[in-house]
2 protein chains.
Amino acid sequence: MDSKEFREAAVSSIDEIISYYDNIGERNVVSTVEPGYLRKLLPSEAPADGEPWSDIQQDIEGKILPGITHWQHPGFHAFFPCATSYPSILGELYSAALSGACFNWICSPAVTELETIVLDWLAKILGLPTCYLSMGPTRGGGVIQGSASEAVLTAMVAARDKYLRETTPAGLEGDALEDAIAHKRSRMVALATSMTHSSTKKAAIILGVRFITIPVSAEDGYALTGPVLAAALENCRARGLEPFFLTATLGTTDTCAVDDFDGISSSLADFVPAGSPGEVWVHIDAAYAGAALVCPEVQEATEISLIDRFHSFDMNMHKWLLTNFDASCLFVRDREWFTRALTINQAVYSNTASDGGLVTDYREWQIPLGRRFRSLKIWFVMRSYGVNGLQAYIRRTTQLGEDFASWLRARPGLFEILTGPSFALTVFRMVGKDTGECNARTKKLCDRVNATGKMWVTSTLLDGRFAIRMMTGVRTTEKEHVEAAFQTLAENAEDVLKTT
Amino acid sequence: MDSKEFREAAVSSIDEIISYYDNIGERNVVSTVEPGYLRKLLPSEAPADGEPWSDIQQDIEGKILPGITHWQHPGFHAFFPCATSYPSILGELYSAALSGACFNWICSPAVTELETIVLDWLAKILGLPTCYLSMGPTRGGGVIQGSASEAVLTAMVAARDKYLRETTPAGLEGDALEDAIAHKRSRMVALATSMTHSSTKKAAIILGVRFITIPVSAEDGYALTGPVLAAALENCRARGLEPFFLTATLGTTDTCAVDDFDGISSSLADFVPAGSPGEVWVHIDAAYAGAALVCPEVQEATEISLIDRFHSFDMNMHKWLLTNFDASCLFVRDREWFTRALTINQAVYSNTASDGGLVTDYREWQIPLGRRFRSLKIWFVMRSYGVNGLQAYIRRTTQLGEDFASWLRARPGLFEILTGPSFALTVFRMVGKDTGECNARTKKLCDRVNATGKMWVTSTLLDGRFAIRMMTGVRTTEKEHVEAAFQTLAENAEDVLKTT
């Protein structure tokens with residue numbers, strides 16, 4: 001494909017993408033193909049000779065789009081959004097064109113420097129304490145990871161390294177040192193709650209450390225409180241275990257609960273004072289709801305200023321902030337915690353700027369070596385929308401969640417809200433005489449509304465209570481779509497009520 | 001940015017990208033900005049109001065491109081290539097438009113199914129044994145990872161899980177079981193050679209297992225041989241350590257050496273027979289040179305058919321196979337090794353297709369949860385080039401390496417080849433009376449040719465011998481460019497010779 005062919009192919013692709021977005025509401029939200037559909041449509045081997053672009057492109061609509069679940073569809077109310085935008089797509093386009101394995105500064109200074117700059121911009125608009133800024137008092141800063149899972153893994157590796165450095169007895173060498181560390185590793189434990197995203201458990205599995213789940217309850221709004229944490233810490237101590245890591249969440253997956261940062265920090269201070277050797281590293285997982293911090297009222301309500309007592313913070317711009325997957329923005333209070341744990345030098349990467357310590361080499365802040373130019377799309381989105389535009393989007397979609405919840409409340413004969421609305425997420429179920437009936441009805445309702453193809457909601461289980469999660473954060477979702485979704489839910493709920 | 005504005009912005013971006021590629025040779029290969037250049041050019045905060053695209057776009061040429069090191073430049077002879085192509089860029093474009101967090105099948109069946117299909121296509125054209133095919137006899141298959149570092153980490157996590165399952169004494173429960181596992185973990189060791197990429201060591205650090213480097217020597221061509229491995233294994237056993245993982249390499253970073261797969265498998269069979277409990281997992285890292293396996297003559301020369309005795313294989317299409325970073329293709333002989341180690345269920349991800357075991361959920365084959373639609377670009381590249389086109393590209397750029405080496409050999413008064421040409425990589429140095437003089441001259445030569453801005457070579461150290469790595473794999477590099485690079489090297493070497 002030469003330049004002329006590329007221009008033609010690219011313009012035709014752009015037109016197809018525009019048409020896809022302009023008419024996305026006419027498609028079913030969720031793909032209805034059967035498992036294995038694509039193997040029947042494609043040859044079993046790569047072609048020997050190249051094919052013209054026109055042949056390839058026609059397979060997008062013909063073979064790929066039937067197998068796509070449309071995350072940008074206005075009726076997508078499942079999970080969390082993966083809200084992209086046109087400026088973000090342009091960012092991916094340029095990033096692809098400038099492709100390189102930019103593992104250190106000299107491999108493309110702009111890739112490193114733009115990342116540092118836009119993450120400082122982001123930290124400021126999210127209202128993070130200044131310790132998370134690259135120019136801040138504690139040599140902190142941000143780095144773009146592929147996902148919140150990678151972020152928590154990176155943080156946990158750094159936390160383990162910090163903990164072992166601070167608590168391994170001095171004066172040991174060789175085998176005695178190795179044995180002491182091995183013993184310590186076997187007692188170390190990472191903590192999370194029953195509502196924490198599974199990525200913390202997965203990180204603990206990868207690290208090979210123990211993992212303990214702290215149960216949280218409906219009466220605490222499924223949030224972690226200080227007293228509950230204090231009890232869990234004491235229990236660890238009583239068992240001879242050494243807690244070194246805790247994930248606290250701003251916007252849990254199931255219900256968008258916010259853990260009690262003040263209570264957590266008090267309980268931790270009683271256990272091992274902050275800044276003392278062996279303190280528990282606290283990672284804030286704000287993967288989804290962190291986006292809402294662009295609004296000052298949310299910064300205040302969540303007491304985000306308190307996280308200066310903690311160690312790392314992560315949010316995904318690729319969820320609710322108009323940026324393509326992947327853009328998980330991880331901030332740390334002291335970047336040396338990352339670089340001490342993750343730096344490995346190899347002769348072939350040696351260069352003047354790195355060797356002189358003049359620059360940031362983000363490969364030392366992450367699991368992989370190479371990296372894409374991901375800051376470009378963040379830069380485009382921030383400049384194209386402006387802070388006001390981002391705030392307007394968050395407020396608009398949050399309000400849709402409030403509207404939806406108010407309509408639920410107006411139908412007490414059909415629905416009961418279990419949690420929310422919280423960050424554009426409402427968790428509700430159908431009413432019934434007992435849990436069994438509620439669950440059966442709600443499950444039936446969920447299946448029925450999803451079967452319409454016009455909307456997609458996902459479900460969860462809260463203390464055995466089957467519930468529907470309704471999320472209104474997608475960029476293309478307008479009030480009319482939420483109204484239509486509520487209508488579909490209400491009509492189907494009435495039918496379910498009649499038949500059960 | 002509405003559809004109309006997007007069309008205008010996208011077409012203008014496409015034109016800029018074409019112009020960038022058409023004229024890339026006129027730029028300096030390596031950026032010459034000073035550390036911190038970009039902070040001086042950009043505001044310290046995100047704009048309050050959105051800006052028009054024209055303002056944003058003009059900053060690409062004005063502020064970003066000066067800070068780019070051009071990996072697609074015909075004079076880029078550093079590291080390994082990150083060779084992209086126009087069809088691949090189109091793949092990224094569509095992937096961005098269809099953005100979703102496709103962690104399981106139902107989240108977009110096409111994303112999962114196309115990945116399985118194109119990785120089967122790839123396994124076939126690389127000549128991998130059938131055990132690595134998704135429909136093969138051992139339930140193997142491929143998965144796209146972000147980088148070779150993530151691939152080796154994933155493989156090592158699975159290997160540890162498999163090893164512990166196979167070797168932990170039966171009948172233990174509770175604390176006794178935990179203690180036995182903790183003790184075992186503390187004795188487990190991952191192995192690699194002094195030429196293995198640092199990602200294996202990094203994976204061992206992340207897992208918290210011991211890591212031992214096996215030295216390889218110039219006389220073995222810097223490859224791992226059976227006897228050297230056997231000695232290392234015996235040494236572990238004598239120290240009471242338990243080797244569970246080995247990375248063997250097809251095309252090492254420094255010199256593109258290929259480890260002796262037959263010798264490795266013999267030595268391992270003597271240690272713990274293949275398929276027996278506690279066998280050592282062998283991961284083949286073919287990150288760069290694996291691309292050359294598209295040529296049958298390379299499949300034969302590297303004895304790739306022997307890897308049916310091993311456990312996993314990884315190659316990066318984003319290095320030498322015309323596909324954008326990131327596209328690291330990881331194959332495993334039995335996918336259950338991945339899923340048993342990496343599956344964590346959470347109520348919110350429950351769905352009929354997954355719960356029924358009908359489909360592949362790639363989140364269980366990787367560290368992160370979410371994933372991009374990366375198979376699209378691989379599909380576009382394979383179809384656009386065809387197998388013949390991919391082979392022609394590998395053979396052409398390999399031949400450039402042969403040509404370059406022949407020119408070096410023709411100037412024995414200036415140059416000495418240390419290794420290669422191997423997979424389009426030649427490692428050489430300037431001649432001199434002793435290592436000190438050779439090193440000083442070669443270092444000076446390296447700095448001088450890089451200072452021209454017209455080419456970029458990187459260096460390495462082989463047993464204390466400073467050497468230049470000359471790689472000729474970039475798509476835009478033609479014979480005239482390699483001739484010009486050699487000319488620059490020869491002229492500067494003559495100058496260096498005169499002045500030392």
Side-chain angles (χ1 to χ4, degrees), chain A residues 1 3 6 10 14 17-18 31 33 35 38 42 46-51 56 64 67-69 71 82 84 86 89 92 96-97 99-101 107-110 113 121 147 149-150 157 182 186 198 202 206 208 324-325 344 346-348 358-359 368-370 382-387 389 460-461, chain B residues 1 3 6 10 14 17-18 31 33 35 38 46-51 56 64 67-69 71 82 84 86 89 92 96-97 99-101 107-110 113 117 121 147 149-150 157 182 186 198 202 206 208 324-325 344 346-348 358-359 368-370 382-387 389 460-461:
Chain A
M1 188 181 287
S3 296
F6 172 62
I14 295 292
I17 288 166
I18 289 170
S31 171
V33 298
L38 194 56
L42 296 185
D49 294 310
E51 300 173 50
I56 301 171
I64 298 301
I68 292 292
T69 291
W71 288 65
C82 197
T84 186
Y86 283 137
I89 294 174
E92 287 287 14
S99 189
C107 284
S108 268
E113 298 201 7
W121 286 11
S147 69
S149 303
E150 289 165 60
V157 170
S186 76
S198 56
K202 194 161 180 174
I206 292 165
N324 270 93
F325 194 96
I344 297 180
Q346 196 165 353
V348 73
L358 298 169
V359 295
L369 176 72
M382 284 187 177
R383 293 184 64 179
S384 192
Y385 280 85
V387 178
T460 191
L461 272 178
Chain B
M1 189 181 286
S3 295
F6 173 62
I14 296 291
I17 288 167
I18 289 170
S31 170
V33 298
L38 194 56
D49 295 309
E51 300 174 48
I56 301 172
I64 298 301
I68 292 293
T69 291
W71 288 66
C82 199
T84 186
Y86 283 137
I89 294 173
E92 288 287 14
S99 190
C107 284
S108 267
E113 297 202 8
I117 292 167
W121 285 13
S147 69
S149 303
E150 289 165 60
V157 170
S186 75
S198 56
K202 194 162 181 174
I206 292 165
N324 270 90
F325 195 96
I344 297 180
Q346 196 166 352
V348 73
L358 298 169
V359 296
L369 175 73
M382 284 188 177
R383 291 184 64 179
S384 192
Y385 280 86
V387 178
T460 190
L461 272 178

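Please read all numbers here as calculations on a predicted model, not as lab measurements. Letters A, B, ... mirror the listed sequences (proteins, then strands); counts begin at 1.
With chain A as the partner, the residue from B/S149, B/S186, B/G389, B/A182 showing the most heavy-atom pairs under 4.5 Å is B/S149. Comparing A/A10, A/G208, A/S31 by how many heavy-atom pairs each has under 4.5 Å with chain B, the most go to A/G208. The choice from A/I206, A/I14, A/L42, A/D49 that makes the most heavy-atom pairs within less than 4.5 Å of chain B is A/I206. Per-residue counts of heavy-atom pairs under 4.5 Å with chain B were compared for A/T84, A/I344, A/T460, A/L461; the largest is that of A/I344.
Expressed to the nearest 0.5 Å, how far CD of B/E92 lies from CD1 of A/I89 amounts to 12.5 Å.
Both the backbone and the side chain of A/S384 have a heavy atom closer than 4.5 Å to some heavy atom of chain B. In this structure, the portion of A/V157 lying under 4.5 Å from any heavy atom of chain B is its side chain and not its backbone. Heavy atoms of A/I17 lying under 4.5 Å from chain B belong exclusively to its side chain. A/V33 touches chain B through backbone and side chain together, each having a heavy atom under 4.5 Å away. Using a 4.5 Å cut-off between heavy atoms, B/E113 contacts chain A through both its backbone and its side chain. Interface remark: A/S147 contributes side-chain atoms only to the contact with chain B (heavy atom separation under 4.5 Å). With a 4.5 Å cut-off on non-hydrogen atoms, A/L38 touches chain B through its backbone and its side chain both. Both the backbone and the side chain of A/E51 come within contact range of chain B, judged by heavy atoms closer than 4.5 Å. Both the backbone and the side chain of B/L369 come within less than 4.5 Å of a heavy atom in chain A. Heavy atoms of A/Y385 lying under 4.5 Å from chain B belong exclusively to its backbone.
Of all heavy-atom pairs between B/S99 and A/C82, the closest is OG-SG, 3.9 Å.
Judged by distance alone, the side chain of B/W71 and the main-chain N or O of A/C107 form a donor-acceptor pair under 3.5 Å.
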